[in-house]
Chemist: 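Quick one: this structure, given as structure tokens, is what I'll be asking you about.
Side chains are part of it too, since the values below use all heavy atoms of this structure and drop only hydrogens, waters and symmetry mates. The chains referred to below are lettered A, B, ... by the order of the sequence lines, with proteins before strands, and numbering in each begins at 1.
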Amino acid sequence: MLAKTLYDKLWDAHVVRQEEDGTALIYIDRQLLHEVTSPQAFEGLRLAKRKPWRVSANLATPDHNVPTTELTGGVSSIKDPISRIQVQTLGTNTKEFGITEYGMGDVRQGIVHVVGPESGATLPGMTVVCGDSHTSTHGALGALAHGIGTSEVEHVLATQCLIQKKMKNMLVRVDGVLKPGVGPKDVVLAIIGKIGTAGGNGCAIEFGGQVMRDMSVEGRMTVCNMAIEAGARAGLVAVDDKTIDYVKGRHFAPKEEYWDAAVAYWSNFKSDLDAVFDKVIELDGSNIEPQVSWGTSPEMVASVNSVVPDPAKEADPVKAGGIRRALDYMGLKPNMAITDIAIDYVFIGSCTNSRMEDLRAAANIVKGRKVSPNIEQALVVPGSGRVKQQAEAEGLDKIFIEAGFEWRNPGCSMCLAMNADRLPPQKHCASTSNRNFEGRQGAGGRTHLVSPQMAAAAAVAGHFVDVREMMGVSL
Amino acid sequence: MSMNQFTKLTAIVAPLDRSNVDTDAIIPKQFLKSIKRTGFGPNLFDEWRYLDVGQPGEDSSQRPLNPDFVLNQPRYQSAKILLARENFGCGSSREHAPWALKDYGFDVVIAPSFADIFFNNCFKNGILPIPLPEKQVDDLFKAVESKEGYELTVDLEQQQIVTPAGQVIDFEVDAFRRHCLLNGLDDIGLTLVHAENIKAYEQKMREKTPWLFA
């Protein structure tokens, strides 16, 4: 039998119909919905007098617009009237069509990419879509998951399928063992730094190698989350015992009667040993240092102990222009040390880094220390109500608050600043989010992408610092 | 012509000389709060186009324009073709990006490469994204910038771009997408023709993976 990659297997298991020109109708097992990209899709259904094909395959939660401060009033606690209408619209749409919604104030509410795996709505071997590019996150469980536009959200609602062409197979193999203080975020930033933001265009990226095998499932989510920042719609990690342990007991996970059959089915979702990839990239994990982005694209990233690049040294004029424009926007000088970049804001949260392990890693650095006086605001925004609950049970909230952080309610928050949490113009933010685009965290704001532990270290120092110095790790 | 149809066009070309233009730049987040598909045009490239920070619901005609931004130059006012650099449309999956481009008046985007989700979203909205080799895009940038009123003819039926000098540039487009765009077809309607296939698939998976249907 022909050797297959993990992506090949997921694809083959979901083909409803194959056309001669390579186009296929692919079945979608799960659609996650949020308030920003779904209203026009529901409106389309209504206009065409269509019904959802399979109501139970959908799960909704508001995340982009929700306030992270006061929630007691539910939707009515949203002060911005336009945001409020959007969140209300998700409520009325899901009610009208009978779709389950984890609404504001429900402990199950949170960032859709945290809620999916946490509730077991995402399972290995599934196809998962959402009108959000960070849907790649769910590939960490061995599911084929990717972002779609609103027209496709409507298409999936109406037909439970998508019209697709198969992507190419790309393998990013990270071997070796990570050094202490280096985590999943550093791994994925290093990968993007190496292959660029278009490196995975047209591909599904499978992340493999010793580092990925050793990594926790939550860590794999961080890596897969940012596959889209490397241009790949889907990121994937093979199913192993860790995946199965992670899934067990979650709300939507298979019940006792199906469990053994499910585990047997899932165990096949890994690439065959002799599977052939269209593209293979290799990194030595033991060489990866803590990463900090210096520019306005996630590929503009460097090790914490290096310097900001010099456009004069770039031979390609388009690239040199890009560096110049980025440094101008970021207010940085060529050749300055990354550790000399002073920080005004710290944001720990987002679908990339707002899970328990992220909060524990940050709290571990913060414990017994204080946020530097030059930091204007330091936020911790847990990814979901469940994460918040668990973190409070472990006393993490107290550690953050004692150090000078604000402990908030779940949502996308300052990752994209659709709610009231915004980075002011020209302020530098050490952020655990996924995009350092111009204006992403607030018009004119200057984002530096880092891991949770690096963000925590920057909060304490007031500038970037190699977190390992605070961990007592010898470099 | 239906909204999601494209056939042939002759129009002014506007050059946007930046690589990795992301969908946050195409339409910033504050405008994503709308629950409609229309009205995004005035906020296309909002942070580059205006000197102030735009708010949803605001009358953009009263706002200060950034004179340095390419779309604000008089010579590109009636442009319907956008010329861009590599990896255009990267980042967020927001379909608001093609909605904003379309609402502004762009029907075609030419670039060396596009981000996958954006590329796909264009076809759903009557926008034709055309990937061309880097050298050809480079030559077009030079031609557009050197001659005011530079127009291209884009013919989807023939899969050709024709320059004012009569040079013909062939381009590739997926046959199915071309068919849908030429005819302005509704994807959902096309898929529902295969409803029996979908039901048969579900029946098969109900036996194989019953926990997904429990």
Side-chain angles (χ1 to χ4, degrees), chain A residues 16-17 19 21 23 25 27 29 36-37 39-40 43 48 50 53 64-65 80 82-83 85-86 89 123 125-126 131-133 147-152 154-155 158-161 163 165 197-198 201-202 228 231 233 254-255 258 261-262 265 297 318 322 325 416-418 435 437-440 443, chain B residues 17-20 22-25 28-30 32-37 47-48 53-54 56-57 85-87 90-96 98-99 113-118 120-121 124-125 174-176 186-192 194-195 197-198 200-202 205 208-214:
Chain A
V16 169
R17 213 187 130 85
E19 306 298 338
D21 68 353
T23 312
L25 205 57
Y27 192 79
D29 295 312
V36 179
T37 57
Q40 298 87 350
E43 184 62 15
R50 287 175 174 137
W53 180 276
H64 286 62
N65 280 279
D80 175 350
I82 310 178
S83 284
I85 288 170
Q86 199 166 49
T89 304
L123 295 172
M126 267 187 167
D132 190 285
S133 60
I148 55 177
T150 298
S151 295
E152 289 184 320
E154 184 183 341
H155 196 281
T159 70
Q160 213 51 50
C161 292
I163 301 168
K165 266 202 167 169
T197 48
N201 278 8
I228 184 66
R233 281 194 300 160
K255 302 288 173 276
Y258 297 126
Y265 177 75
S297 162
V318 175
R325 196 178 287 129
L416 88 166
M418 276 192 78
R435 288 187 176 135
F437 298 154
E438 287 184 20
R440 169 82 178 181
Chain B
D17 197 358
R18 289 178 184 233
S19 50
N20 294 318
D22 57 76
T23 53
D24 274 82
K29 88 287 301 262
Q30 63 268 39
L32 272 49
K33 296 177 185 182
S34 165
I35 57 171
K36 299 185 191 141
R37 272 174 190 265
E47 286 182 20
W48 294 338
V53 177
R85 295 290 185 182
E86 59 166 354
N87 201 27
C90 61
S92 154
S93 60
R94 58 188 70 166
E95 198 160 318
H96 312 68
W99 293 339
S113 60
F114 293 88
D116 295 346
I117 303 177
F118 173 83
N120 197 31
N121 284 342
K124 314 281 184 195
N125 294 285
D174 177 80
F176 176 72
D186 163 26
D187 274 4
I188 296 176
L190 290 177
T191 295
L192 287 174
H194 305 304
N197 293 97
I198 304 172
Y201 174 87
E202 284 180 328
M205 294 315 285
K208 204 169 174 185
T209 58
W211 57 90
L212 293 181
F213 297 85

Chemist: Picking from Lys208(B), Glu202(B), His96(B), which has the most non-hydrogen pairs under 4.5 angstrom with chain A?
Modeler: Glu202(B)

Chemist: Does any donor atom in the side chain of Glu95(B) or Asn125(B) lie under 3.5 Å from an acceptor atom in the other side chain?
Modeler: yes

Chemist: Considering only heavy atoms, which portion of Ile82(A) lies under 4.5 Å from any heavy atom of chain B: side chain, backbone, both, or neither?
Modeler: both

Chemist: Any idea which of Ala195(B), Ala200(B), Ala25(B) has the most non-hydrogen atom pairs under 4.5 angstrom with chain A?
Modeler: Ala195(B)

Chemist: Is it the side chain or the backbone of Glu19(A) that comes within 4.5 Å of chain B heavy atoms, both, or neither?
Modeler: side chain

Chemist: For Ser151(A), is it the side chain, the backbone, both, or neither that has a heavy atom closer than 4.5 Å to a heavy atom of chain B?
Modeler: both

Chemist: Taking side chain as C-beta onward, heavy atoms only, is Arg94(B) less than 4.5 Å from Ile117(B)?
Modeler: no

Chemist: Name the option with the most non-hydrogen atom pairs under 4.5 Å to chain B; the candidates are Glu152(A), Glu438(A), Arg50(A).
Modeler: Arg50(A)

Chemist: Considering only heavy atoms, which portion of Thr89(A) lies under 4.5 Å from any heavy atom of chain B: side chain, backbone, both, or neither?
Modeler: side chain

Chemist: Name the region of Ile148(A), side chain, backbone, both or neither, that has any atom closer than 4.5 Å to a heavy atom of chain B.
Modeler: backbone

Chemist: Please classify the contact between Arg17(A) and chain B as side chain, backbone, both or neither, with a heavy-atom cut-off of under 4.5 Å.
Modeler: side chain

Chemist: Shorter than 4.5 Å, heavy atoms on both sides: which option in Gly54(B), Gly91(B), Cys90(B) has the most such pairs with chain A?
Modeler: Gly91(B)

Chemist: Does NZ or CZ of Arg18(B) lie under 6.0 Å from the centre of the six-membered ring of Trp48(B), at an angle within 45° of the ring axis?
Modeler: yes

Chemist: For Pro28(B), which atoms come within 4.5 Å of any heavy atom of chain A: side chain, backbone, both, or neither?
Modeler: neither

Chemist: Using a distance-only test with no angle check, is there a side-chain donor-acceptor pair under 3.5 angstrom linking Ser133(A) and Arg435(A)?
Modeler: yes

Chemist: Could you tell me which of Gly322(A), Ala198(A), Ala158(A), Ala48(A) has the largest number of non-hydrogen atom pairs under 4.5 Å with chain B?
Modeler: Ala198(A)

Chemist: Pair Phe114(B), Glu86(B) - check side chain to side chain contact (heavy atoms under 4.5 Å, CB included), show working.
Modeler: CA-CA 7 Å; Phe114(B) 293 88; Glu86(B) 59 166 354; over 6 Å; no

Chemist: Which one of Gly125(A), Ala443(A), Gly131(A) has the most heavy-atom pairs closer than 4.5 Å to chain B?
Modeler: Ala443(A)

Chemist: Based on non-hydrogen pairs under 4.5 Å, which of Leu192(B), Asp17(B), Val53(B) is most in contact with chain A?
Modeler: Leu192(B)

Chemist: Quick check: do Phe213(B) and Met205(B) have side-chain heavy atoms less than 4.5 Å from each other?
Modeler: yes

Chemist: Test your reading of the model: is there a side-chain donor-acceptor pair from Thr23(B) to the backbone of Ser92(B), 3.5 Å cut-off?
Modeler: yes

Chemist: With chain A, which of Asn121(B), Ile198(B), Leu212(B) has the greatest number of heavy-atom pairs at distances under 4.5 Å?
Modeler: Ile198(B)

Chemist: Which bit of Leu416(A) is near chain B, if near means a heavy-atom gap under 4.5 Å: side chain, backbone, both or neither?
Modeler: both

Chemist: Return the option, out of Ala262(A), Ala417(A), Ala261(A), with the maximum number of heavy-atom pairs under 4.5 Å with chain B.
Modeler: Ala262(A)

Chemist: Name the region of Glu43(A), side chain, backbone, both or neither, that has any atom closer than 4.5 Å to a heavy atom of chain B.
Modeler: neither

Chemist: What residue in Ser83(A), Gly231(A), Ser297(A) has the most heavy-atom pairs under 4.5 Å with chain B?
Modeler: Ser83(A)

Chemist: Judged by modelled atom types alone, do Asp116(B) and Asn201(A) share a side-chain donor-acceptor pair under 3.5 Å?
Modeler: no

Chemist: Under 3.5 Å, is there a donor on one side chain and an acceptor on the other for Asn20(B) and Thr197(A)?
Modeler: yes

Chemist: Quick check: do Ile163(A) and His155(A) have side-chain heavy atoms less than 4.5 Å from each other?
Modeler: yes

Chemist: Sort out for me which of Met126(A), Gln160(A), Lys165(A) touches chain B most, counting heavy-atom pairs under 4.5 Å.
Modeler: Lys165(A)

Chemist: Does any non-hydrogen side-chain atom of His64(A) lie less than 4.5 Å from one of Gln86(A)?
Modeler: no

Chemist: What verdict does the salt bridge (Lys or Arg N to Asp or Glu O under 4.0 Å) test give for Lys29(B) and Glu47(B), after you've listed the backbone C-alpha separation in whole Å, the side-chain angles of each residue and the deciding distance to 0.1 Å?
Modeler: CA-CA 11 Å; Lys29(B) 88 287 301 262; Glu47(B) 286 182 20; 5.2 Å; no

